[in-house]
Number of protein chains: 2
Amino acid sequence: MPRSGAGARRRLQQAALELYRERGFDRTTTAEIAARAGVNERTFFRHFPDKREVLFDGEADLRAALMQEVADAPDGLQPLDVLLHAFRKAGRVLEENRPFSEPRLELIAKTPALRERDAAKGAYLSEALAEALRRRDVSDQLAGLAAHTGWATFHHAAQAWIDDPAQSLDAHLLQAFDDLRILFATVPATRARSES
Amino acid sequence: MPRSGAGARRRLQQAALELYRERGFDRTTTAEIAARAGVNERTFFRHFPDKREVLFDGEADLRAALMQEVADAPDGLQPLDVLLHAFRKAGRVLEENRPFSEPRLELIAKTPALRERDAAKGAYLSEALAEALRRRDVSDQLAGLAAHTGWATFHHAAQAWIDDPAQSLDAHLLQAFDDLRILFATVPATRARSES
DNA sequence: CTACTTAGCGCCAGTGACTGACATTCAGGG
DNA sequence: CCCTGAATGTCAGTCACTGGCGCTAAGTAG
C-alpha cells in the first residue's frame with residue numbers, strides 16, 4: 001500500500017466531525033474536510049460515498065454485531081427480550097466510545113440532514129434485525145413488527161442518554177423497555193405516572 | 001395571482017411522480033420535471049425545497065390531521081389505543097387516494113433516497129404525535145415511546161398493505177396492533193404461530 | 001378605464017456535491 | 001532493480017440548489 005491507506009480514512013472522519021461541530025454541517029465543504037485531513041477532495045469520495053456517510057461508518061459493524069447477538073441470545077426468550085439482550089451488548093460499545101459517540105449523537109440530533117441519514121440507517125438496521133429474528137423461531141409478521149418497535153425503543157433510550165448523561169445508557173435502555181410494557185398494562189398506567 | 005399559481009404545483013408533482021417511475025429517481029433531472037410540467041426549472045424550486053420533497057407534500061396535512069385525531073380521541077383510552085384511533089382515521093385518506101398513494105409508496109420503497117426522506121418524515125411525525133399525547137394525560141417518558149412504537153406499527157401496516165393489497169389498510173392496521181400485543185404476552189406466542 | 005401593487009415566473013450566474021477518466025506515486029514481491 | 005497494484009492527485013464535467021433582477025399578468029383602488 002502507498003502512503004497511509006486507512007490512516008487517511010480516520011483523519012477524514014476526525015476532520016469532518018470537528019468541522020461539522022465548529023461551523024455546522026451546511027457551512028462545511030468537502031474540500032475543507034479534505035484539506036484538514038491532508039488529502040485531496042477526490043480522496044474523500046473514495047472513502048465515503050457522500051458528505052453524510054462519513055459520520056456513519058460504524059453502522060455495518062453495529063449491524064453485524066447486533067445480528068450476531070440476536071443469533072446468540074439464549075433460547076426461550078420472547079422476541080423483544082432477545083432484542084433487549086442484543087441492544088444491551090451493543091450499548092456497551094457506545095458507552096466505551098463515549099468521547100466519540102456523544103458529540104456525534106449530539107451533532108446528528110441538531111442537524112436535519114444528519115437526522116435524515118440516521119433515520120434511514122435505523123430503518124435498514126431494523127430490517128436486518130427482523131431478518132435475524134426470522135432465523136430464530138419468530139414468524140414473519142411478528143419479526144418485522146418486533147424489530148421496528150424494538151429499534152424505536154433503543155433509539156428512544158439512546159436519545160434519553162444524550163439528554164440525561166447522569167444515568168448510564170444501559171439504565172436508560174432497561175427503563176425504556178420497562179416503560180414499553182407499561183403501555184400494554186390493562187389498567188391505563190399513564191394516570192398513575194401523571195398524578196404524582 | 002398570475003397564470004396558474006397552484007396549477008403549476010400540481011403539474012410538477014404529477015410530472016415528478018411519472019418521471020421517477022419511468023426513468024427512476026436518479027436518472028431524472030429537475031429540469032426534465034419542470035419541462036414536462038411546462039415551467040422553468042427555477043419554478044420547481046420555488047414550490048419545493050428539493051427534488052425529494054415533491055413527493056411528500058401531504059405530510060403537513062397528515063401531521064395536522066393526526067394531531068387533531070389524537071386530541072379528539074375519547075377519554076380513558078390507553079396511549080396506543082389513542083394512536084390506533086388516529087391512524088385508522090388517517091388511513092382512510094390513504095385508501096381513498098389509493099391511485100395516487102399506492103404507486104407513490106411503491107416508488108418510495110424501491111428508491112433509497114426517497115426511503116431516507118420517508119424515514120425522516122416518520123421521525124418528525126412521531127415527535128408531533130408525542131407532543132399530542134403529552135397534551136393528553138400521558139407522561140413525558142411514555143409519550144415519546146408510545147409515539148415512536150405506534151408510528152413504527154403504522155408504518156409496518158402500511159408496508160404490509162402495499163405488499164398485500166388484497167386486504168384493506170384498516171385490516172392490516174388492526175392486525176399489526178393485535179400482533180403488537182402478542183409480543184408482550186407472558187407465554188412466548190411466537191411458537192404458536194410458527195408451529196402451524 | 002387607468003395606475004398601482006403584488007405574486008409567480010423566466011433568465012442568468014454562481015456554488016458545491018459528486019463522478020468518470022487518466023496520470024502519478026509509493027509499497028512490496030520477484 | 002524492475003514491476004505490479006492499491007491509494008492518491010488532477011481535471012473536466014454534470015446536476016442539485018440559490019440569489020438576484022427584471023417581466024408579466026391578476027387583482028385593486030381611484
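A note on names: the letters A, B, ... follow the listed sequences, proteins ahead of strands, and every chain is numbered from 1.
The side chain of Asn40(B) places an N or O atom within less than 4.0 Å of a non-bridging phosphate oxygen (OP1 or OP2) of dC11(C). For dA17(C), one of the phosphate oxygens OP1 or OP2 lies less than 4.0 angstrom from a side-chain nitrogen or oxygen of Thr30(A).
Atoms CZ (Phe44(B)) and C1' (dA16(D)) sit 10 Å apart, rounded to a whole Å. In this structure, Glu41(A) places its CD atom 17 Å from C1' of dA7(D), rounding to the nearest Å. Distance CG (Asp26(A)) to P (dT18(D)): 10 Å, rounded to an integer number of Å. Taking atom CD of Glu53(B) as the reference point, atom P of dA16(D) lies 16 Å away to the nearest angstrom. In this structure, Arg27(A) places its CZ atom 13 Å from P of dA17(C), rounding to the nearest Å. Distance Phe45(B) CZ to dG16(C) C1': 13 Å, rounded to the nearest Å. For the pair Arg117(A) CZ and dA17(C) C1', the computed distance is 13 Å after rounding to whole Å. The distance between atom CG of Leu19(A) and atom P of dA17(C), rounded to the nearest whole Å, is 12 Å.
Minimum atom distance to the side chain of Thr43(A) is reached by dT8(D), of the listed dC11(D), dG10(C), dT8(D). For Arg46(A), counting side-chain heavy atoms from C-beta on, the closest listed nucleotide (dC22(C), dG16(C), dC12(C)) is dC22(C). Closest to the side chain of Asp50(B), from the set dC12(C), dC17(D), dC18(C), is dC17(D). With dC9(C), dT19(C), dC11(C) as the choices, the nucleotide that has an atom nearest any side-chain atom of His47(B) turns out to be dC9(C).
Within the 3.5 Å criterion, the main-chain N or O of Leu94(A) finds a donor-acceptor partner in the side chain of Ser101(A). With hydrogens and angles ignored, the 3.5 Å screen pairs no side-chain donor or acceptor of Arg134(A) with any backbone N or O of Ala143(A). At least one donor-acceptor pair under 3.5 Å links the side chain of Glu32(A) to the backbone N or O of Thr29(A). A donor-acceptor pair is defined here as one N or O able to donate and one able to accept, closer than 3.5 Å; such a pair exists between the side chain of His148(A) and the backbone of Gly144(A).
A donor atom on one side chain and an acceptor atom on the other are found under 3.5 Å apart for His155(A) and Asp118(A).
Between the side chain of Arg42(B) and the base of dG8(C) there is no donor-acceptor pair of N/O atoms closer than 3.5 Å.
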